[in-house]
Protein chains: 2
Amino acid sequence: MNGATTSGELRAHNRVRLLRAVHDGGATRTRAQLTRDLGLARGTASVLVAGLAEDALLHEEPAPEHTRGRPTQVARPHPDGPLALAVDVREDAWELAACELGGDAHVLEVRPHDGTPRGALGPLGEALAEQTRRHGHRVVGVGVALAGPVRLGGLVDVAHLGWRSVDVPRLLDLPAPVPGGAPIVGNDTAFAALAEARRGLLRGVRVGLHLHVDFDLGGVLVVDGRPLDGANGTGAEFGHMPLGGGGRPCACGATGCWGMDVGANALLRQAGLAYGGGQGREQAARVLEAGGPPLAAAARALGRGIAALVNAHDPEVVTLSGLGVDVLAAGRAALLEAYGPGLMAIRRDRPPRVEPSALGWRGALLGAMESVFDAFLTPEGLDRWRLSRA
Amino acid sequence: MNGATTSGELRAHNRVRLLRAVHDGGATRTRAQLTRDLGLARGTASVLVAGLAEDALLHEEPAPEHTRGRPTQVARPHPDGPLALAVDVREDAWELAACELGGDAHVLEVRPHDGTPRGALGPLGEALAEQTRRHGHRVVGVGVALAGPVRLGGLVDVAHLGWRSVDVPRLLDLPAPVPGGAPIVGNDTAFAALAEARRGLLRGVRVGLHLHVDFDLGGVLVVDGRPLDGANGTGAEFGHMPLGGGGRPCACGATGCWGMDVGANALLRQAGLAYGGGQGREQAARVLEAGGPPLAAAARALGRGIAALVNAHDPEVVTLSGLGVDVLAAGRAALLEAYGPGLMAIRRDRPPRVEPSALGWRGALLGAMESVFDAFLTPEGLDRWRLSRA
DNA sequence: GGCTTTTGTTCACGGCTAGAGCATAAACTG
DNA sequence: CAGTTTATGCTCTAGCCGTGAACAAAAGCC
């Protein structure tokens with residue numbers, strides 16, 4: 001999001017600004033609103049919109065509601081406009097969706113898998129190739145969310161599935177590079193946080209903290225609408241700090257990791273059940289519903305860890321997604337009981353709110369979409385689009 | 001650093017870019033270099049430099065070295081150019097400096113104080129007023145570094161000095177607001193990190209971690225050259241996460257804070273000496289020099305905590321300032337012994353380097369300067385300057 | 001049906017940067 | 001020492017961009 005420095009770049013920069021405003025607003029805002037919000041002259045907006053419409057990037061339709069005055073148009077995604085393919089790969093299944101500018105996601109396929117890299121990624125690669133053939137140049141990128149740290153280049157580790165340095169782009173084996181380049185592979189927590197920042201409770205928040213609970217716990221700081229992804233792309237791993245206090249060895253190689261005390265695995269362990277290997281989602285849900293000591297222990301661990309992170313980073317809001325929503329709903333009292341005393345005194349008068357994500361389990365998928373459009377909604381991305389249509 | 005959107009803003013934006021390049025380069029780069037680095041046409045650079053020189057923002061001098069071809073000029077700070085007043089307020093003394101564009105800091109005064117808010121800030125306020133009178137409109141801002149969390153508006157807590165919500169701007173009681181507005185009050189760790197990002201080892205680093213050790217421990221993440229300051233300005237408090245494992249109550253109100261195991265206070269405590277109240281800097285230094293168990297314990301605690309933060313944030317480099325430089329020098333073995341095992345396995349092949357700051361104890365002062373110039377090197381700041389000279 | 005309100009379109013204008021051509025000032029060459 | 005080479009600075013024109021005002025359009029209101 002850096003600025004133009006020459007008068008030639010100004011046009012490209014403003015095209016991007018306008019299209020991003022359309023996307024961020026869910027493709028529901030009228031041209032008059034956009035003109036005002038971006039501080040453009042009406043004439044400028046006229047030229048920009050005409051250009052974007054000609055490039056099949058948007059399409060104007062009469063606004064459904066009028067008050068007085070000349071009716072305005074809403075900027076909608078163009079029927080031949082760009083598509084983002086987004087995938088959420090969980091431990092037991094994946095979900096594939098096609099997304100239009102504005103953020104509408106059409107789920108195309110949900111398929112269970114056996115937990116092996118090949119078993120999960122082979123069929124997914126075929127499905128992606130099929131969609132890319134079908135939609136041709138409209139596909140501007142592929143985003144894939146995965147439940148583990150992702151190093152630059154797409155090497156993924158999912159400790160409790162036994163994935164070690166799995167080369168996701170290679171296993172997906174996409175035939176021709178889509179216009180947007182190689183698939184964007186990312187951590188599910190980071191993507192969920194991105195979605196939360198764009199379309200959830202972290203929207204407009206300068207510093208927020210997002211925690212995603214599933215079998216494990218992931219967490220990431222969101223600054224100015226951007227999750228911090230670290231130097232190698234593996235920066236959403238708050239679960240692997242020794243905030244729990246215990247000395248139990250973690251599958252990640254360190255000891256005492258916070259994540260071991262919070263997720264589905266922790267619930268199963270506390271209830272005396274078998275855990276690990278990405279199995280037992282339903283059982284964990286039952287343990288959670290039953291309440292009692294396992295839930296209280298997880299909620300307390302969550303609260304204590306959140307307090308530590310709030311001390312360190314001073315976020316404005318803390319959001320929880322995945323299983324965290326349910327832990328918060330069922331164990332709020334225990335969570336707050338550990339949260340308060342863990343805070344520095346100066347943070348206690350106005351502690352940041354801890355809230356369930358507005359996006360539920362769709363966060364990772366929507367975040368994968370956003371990351372594709374983030375790469376597309378740049379002067380370079382729009383240039384590529386223009387060329388691919390010529 | 002957001003961009004221009006109208007052709008009118010382009011000029012202002014490029015003035016800022018040029019002047020910032022001069023400042024960041026230490027006012028040693030030649031006009032030809034600047035032109036190339038910023039990707040400007042020679043004609044554009046000509047106009048911009050002429051404008052900045054006329055506004056007394058910079059001053060061209062012949063370059064000392066030539067190769068071949070027409071000799072170029074170096075852009076130096078103008079003799080009547082903007083000045084930043086920067087202060088580092090420690091527990092036992094403060095230091096005041098006047099800084100030119102480019103980063104040269106002339107120390108004006110170092111004065112011990114008694115540790116009370118009034119005793120420390122009263123004389124400092126007078127010194128600042130005196131300098132503001134002397135230099136008139138040249139003073140574009142005042143930056144003050146303090147050894148505790150600083151909330152927006154300048155309310156400061158220094159737990160072990162007994163400072164509670166001390167209103168620093170009010171106690172400084174600057175007569176007329178300087179052109180730059182109210183003094184910029186900030187945490188010493190955050191300022192040290194800022195300096196490190198601009199003129200130290202974190203320069204050009206996308207994600208870095210800076211830890212400042214004094215009596216306590218402060219730490220902050222540096223992303224794209226900017227320390228993350230939190231929603232209320234109090235985001236440099238990594239020392240108040242329970243990474244140590246102990247349950248000892250901390251002066252901050254929480255328990256088990258990491259900072260209690262690392263700084264000068266920890267060294268004194270481990271050696272069986274009295275600690276707290278901002279006293280005992282020399283004794284702590286002697287404990288450190290003596291080596292042995294107190295040093296080893298502090299170094300191990302530091303290493304273990306760094307590993308946790310590296311796991312969570314995936315920084316490229318970790319830098320240490322203040323007493324951390326000495327702990328690293330004398331206790332590197334113990335530190336690394338705890339650092340490695342605390343890392344996730346995937347981080348162990350290429351763990352981030354842990355390095356002593358290049359700026360030593362001057363970091364906080366230089367960071368205070370940078371924060372003043374950050375506010376000045378904006379289109380608005382340069383406009384104010386223009387008006388104040390008219 | 002005329003008036004008001006709001007929005008879209010068109011166009012002249014001023015401002016900005018790029019780039020080319022020319023001037024300048026040194027170091028190098030023989 | 002004079003001509004050549006190289007790098008830089010200056011000046012001017014062309015092309016592009018956004019602004020803002022005037023005008024047209026399309027509704028709701030009385």
Atom pair CE (B:M369) and CD (B:E100), whose distance is rounded to the nearest 0.5 Å: 11.0 Å
side-chain hydrogen bond (donor to acceptor under 3.5 Å, both in side chains) involving A:R42 - partner list, sequence neighbours excluded: none
Salt-bridge present (A:D229, B:R206; N to O < 4.0 Å): yes
Presence of B:T44 side-chain N/O under 4.0 Å of C:dA18 phosphate oxygens OP1/OP2: yes
Side-chain N or O of B:S46 closer than 4.0 Å to phosphate OP1/OP2 of D:dG9: no
Protein-nucleotide distance ([X], atom [atom1]; [N], atom [atom2]), rounded to Å:
X: A:N14; N: D:dC16; atom1: CG; atom2: C1'; value: 13 Å
X: B:E60; N: D:dG9; atom1: CD; atom2: C1'; value: 10 Å
X: B:L10; N: D:dT19; atom1: CG; atom2: P; value: 11 Å

side-chain contact (heavy atoms from CB on, under 4.5 Å) partners of B:A63, counting only residues at least two apart: B:T30, B:T72
B:V49: side-chain contact (heavy atoms from CB on, under 4.5 Å) partners, not counting sequence neighbours: B:L18, B:R31, B:L58, B:E60
Side chain to side chain, B:L40 and B:L48, heavy atoms closer than 4.5 Å: yes
Contacting residues from residues 30-40 of chain A, given that a heavy atom lies under 4.0 angstrom of DNA chain C: A:R31, A:A32, A:R36
Contact residues, residues 52-59 of chain B to DNA chain C [heavy atom, < 4.0 Å]: none
Where protein sits on nucleotides 21-30 of chain D, one letter per nucleotide: B base, S sugar-phosphate only, - none, heavy atoms under 4.0 Å: ---BBBBBS-
Plane angle bin for B:W385 and B:H137 - parallel if under 30°, tilted between 30 and 60°, otherwise perpendicular: tilted
Donor-acceptor contact present, side-chain B:H23 to main-chain B:L101, <3.5 Å: no
Donor-acceptor side-chain pairing of B:E196 and B:T319 below 3.5 angstrom: no
Nearest listed nucleotide, side chain of A:T72, among C:dG8, D:dC17, D:dT19: C:dG8
